Amino acid sequence: MASLNVGNLGEYLREQRRAAQLSLRQLAEAAGVSNPYLSQIERGLRKPSAEVLQQVAKALRISAETLYVRAGILDEREREELETRAVILADPSINERQKNVLLQIYDSFRRENGFVPEQDETDETPGADETLKADARKDDNPHS
């Protein structure tokens with residue numbers, strides 16, 4: 001995990017607030033934090049918690065994970081993995097079984113490329129290969 005980089009975070013928040021055409025007071029109110037506290041964050045004087053960053057991100061309509069990366073709470077690879085998973089899980093065009101299979105395949109590719117998923121490796125969830133084989137057997141057997 002990277003060290004906290006509150007100066008860079010504050011500059012980024014100020015840029016995002018200005019791009020959203022919000023005053024400091026408006027953003028503070030929308031995020032549920034005090035105006036002086038938000039000002040201190042923007043100037044790099046305070047280290048906001050992950051919860052405060054999430055509230056600010058919601059008010060700015062930006063990714064909380066992006067703020068976590070900027071703050072050094074989360075590294076870039078973790079953010080990319082979380083965003084990939086969120087997109088898959090939010091897709092209304094595929095069902096839950098398909099989402100699970102897709103995530104299992106994604107995890108197997110990440111393991112193959114040297115990235116270990118956060119999930120416990122002793123988990124009893126079947127791997128993508130076993131799930132795909134079971135699905136193929138279901139498709140081959142019209143009585144199931």
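Given the structure is predicted, the values throughout are model-derived calculations rather than measurements.
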Inset, instruction - Give me the other members of the hydrophobic cluster that Val87 sits in, counting Ile, Leu, Val, Met, Phe, Trp and Tyr linked by side-chain heavy atoms under 4.5 Å, directly or via other members. - result: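 Via sub-4.5 Å side-chain contacts, Val87 links to none.
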
Inset, instruction - Please go through Leu89's hydrophobic cluster and name the other residues, only I, L, V, M, F, W, Y counting, with side-chain heavy atoms under 4.5 Å joining them. - result: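 Members besides Leu89, by chain and number: Ile88, Ile94, Leu102, Leu103.
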
[atom1]/[X] to [atom2]/[Y] distance, rounded to the nearest 0.5 angstrom?
| X | Y | atom1 | atom2 | result |
| --- | --- | --- | --- | --- |
| Ile73 | Leu67 | CD1 | CG | 9.0 Å |
| Arg17 | Arg14 | CZ | CZ | 7.0 Å |
| Gln98 | Asp91 | CD | CG | 9.5 Å |
| Gln16 | Glu11 | CD | CD | 12.5 Å |
| Leu9 | Lys47 | CG | NZ | 12.5 Å |
| Arg85 | Glu81 | CZ | CD | 4.5 Å |

May I have the list of side-chain donor-acceptor pairs in residues 54-64 shorter than 3.5 Å, sequence neighbours left out?
from	atom 1	to	atom 2	distance (Å)
Gln55	NE2	Ala31	O	2.6
Ser63	OG	Glu65	N	3.2
Ser63	OG	Glu65	OE1	3.1
Ser63	OG	Thr66	N	3.2
Ser63	OG	Thr66	OG1	3.4
Ser63	OG	Glu83	OE2	3.3

Inset, instruction - Could you please spell out the steps behind the side-chain contact (heavy atoms from CB on, under 4.5 Å) verdict for Gln40 and Arg43? - result: CA-CA 5 Å; Gln40 290 172 349; Arg43 290 181 287 142; 3.6 Å; yes

Legend entry - Residues that Glu96 engages under salt bridge (Lys or Arg N to Asp or Glu O under 4.0 Å), provided they are two or more places apart: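 Applying salt bridge (Lys or Arg N to Asp or Glu O under 4.0 Å) to Glu96 gives Lys99.
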
Inset, instruction - Just grab all the side-chain hydrogen bond (donor to acceptor under 3.5 Å, both in side chains) pairs involving residues 26-35, residues at least two apart or on different chains. - result: Ser23-Gln26

Inset, instruction - Under the side-chain hydrogen bond (donor to acceptor under 3.5 Å, both in side chains) rule, collect the residues that match up with Ser49, sequence neighbours excluded. - result: none

Inset, instruction - Flag the pair Ile41 / Val52 as yes when at least one side-chain heavy-atom distance between them is below 4.5 Å, and no otherwise. - result: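 In contact.
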
